[in-house]
Amino acid sequence: AFRSASDCVAVGENCSNAALTIATGDDGATWSAPTLPTGVTSLFGVSCGSSSDCVAIGSTNGSGGRGISGAIAAAAADAGASWTSPTVFSGGGGLSAVSCDTTSDCVAVGNRLVVSTADGGTTWKTGRLPAGIFYLEGISCGSTRDCVAAGSYNVSPAGIGITTTNAGATWKNRTLPGGLIPDGISCASPSDCVAVGAAG
């Protein structure tokens, strides 16, 4: 996630499959690796709503994302130098993607789960997904309330796109063309988005 022209934060795992976050302030010439709080075992996505405020998402149990229990979100207000203790969610698997449109407004999606925050990750609300959705791979918010998420159904390997106009509280199904099973999506505005993935 880019915070400015030269400042970035990245998340993932190290060679021991432990969660890792790194930050740079010089276009990637040097990186720091701050210590993560207890309970963060896997991180799959990060988004920064300002030059200092970021939210990272993942799981508390194992790696790989799909089917993982214990979805989490952790916030940083110092450009990723330190992170809050994670919020743990029930009712789904790990979170795979997050989009922060402002310093305080973020929406995250994953395995049968969508959550949103309006205060930079201090508190979260769980949204209601359409029936049959198994896993959401990507999300992008073109405004504070308008987001598009994409993933797959649980019955067959068919792609699904969903949209919200109320910051993730409720969603509507959208048909994807050409059998696309999306892995990522990016929206430049509430109506202009591009998704990529695999076909069939």
Side-chain angles (χ1 to χ4, degrees), residues 1 9-14 16-22 34-49 53-77 80 82-101 104-141 147-154 159-164 166-171 181-185 197:
V9 176
V11 300
E13 296 176 350
N14 62 21
S16 301
N17 295 322
L20 179 69
T21 179
I22 56 177
T35 301
L36 287 169
T38 301
V40 178
T41 61
S42 299
L43 291 173
F44 305 126
V46 62
S47 183
C48 299
D53 298 278
C54 303
V55 169
I57 51 83
S59 79
T60 61
N61 181 21
S63 61
R66 292 182 183 273
I68 299 300
S69 62
I72 59 165
S82 61
W83 295 85
T84 62
S85 296
T87 300
V88 181
F89 307 98
S90 60
L95 291 167
S96 57
V98 59
S99 179
C100 297
D101 184 65
S104 56
D105 299 284
C106 305
V107 182
V109 296
N111 188 334
R112 307 181 309 280
L113 184 65
V114 56
V115 295
S116 63
T117 180
D119 54 19
T122 302
T123 59
W124 294 82
K125 293 181 179 179
T126 301
R128 189 175 71 252
L129 289 171
I133 291 179
F134 169 59
Y135 198 79
L136 293 168
E137 292 275 9
I139 183 170
S140 185
C141 298
C147 306
V148 179
S152 60
Y153 286 112
N154 61 359
I160 178 66
I162 58 175
T163 60
T164 180
N166 54 15
T170 58
W171 298 80
I181 302 175
D183 290 317
I185 189 165

Note to self: Please give me the minimum heavy-atom distance between S152 and I160, naming the atom from each residue.
What the structure shows: N-CG2, 3.5 Å
Check: Okay, side chain of T117, backbone of T123: is any donor-acceptor separation there less than 3.5 Å?
Finding: yes
Checklist line | Closest non-hydrogen atom pair, G159 against P182 | finding: CA-CD, 4.0 Å
Notebook entry, point to check: What heavy-atom pair brings L113 and A71 nearest, and what distance separates the two atoms?
Noted result: CD2-CB, 3.5 Å
Note to self: Under 2.5 Å between the SG atoms: is that true for C54 and C48?
What the structure shows: yes
Margin query: Can you tell me how far apart CD1 (I162) and CD1 (I133) are? Round to the nearest 0.5 Å.
Written below: 4.0 Å
Next item on the list: Provide the closest heavy-atom pair for T87 versus G121 in the form atom of the first, atom of the second, distance.
Entry: OG1-O, 4.1 Å
Check: Can you check whether C147 and C141 have SGs under 2.5 Å apart?
Finding: yes
Margin query: Check whether T41 reaches the backbone of S59 with its side chain - one donor and one acceptor, N or O, closer than 3.5 Å.
Written below: yes
Notebook entry, point to check: Does the side chain of L129 reach to within under 4.5 Å of the side chain of L136, using non-hydrogen atoms?
Noted result: yes
Next item on the list: Determine, step by step, whether F134 and N111 satisfy the side-chain contact (heavy atoms from CB on, under 4.5 Å) criterion, reporting the C-alpha distance in whole Å, the side-chain angles of both residues, the deciding distance to 0.1 Å, and the verdict.
Entry: CA-CA 6 Å; F134 169 59; N111 188 334; 4.0 Å; yes
Note to self: Give me the atom names and distance for the closest heavy-atom approach of I57 to A97.
What the structure shows: CD1-N, 3.3 Å
Notebook entry, point to check: Which of these passes side-chain contact (heavy atoms from CB on, under 4.5 Å) with V148: I139, I185, T164?
Noted result: I185
Checklist line | Beyond-backbone contact of S42 with E13, side-chain heavy atoms, under 4.5 angstrom | finding: yes
Notebook entry, point to check: Any side-chain heavy-atom pair from W83 and L43 closer than 4.5 angstrom?
Noted result: no
Check: Nearest 0.5 Å, what's the CH2-CG distance between W124 and L95?
Finding: 7.5 Å
Checklist line | Rounded distance [0.5 Å steps], OG in S47 versus CG in D53 | finding: 11.0 Å
Notebook entry, point to check: If every non-hydrogen atom of G120 is compared with every non-hydrogen atom of A75, which pair is closest and at what distance?
Noted result: O-CB, 3.3 Å
Note to self: Just so I know, are the side chains of V9 and T21 near enough to count as touching, which here means a heavy-atom distance under 4.5 Å?
What the structure shows: yes
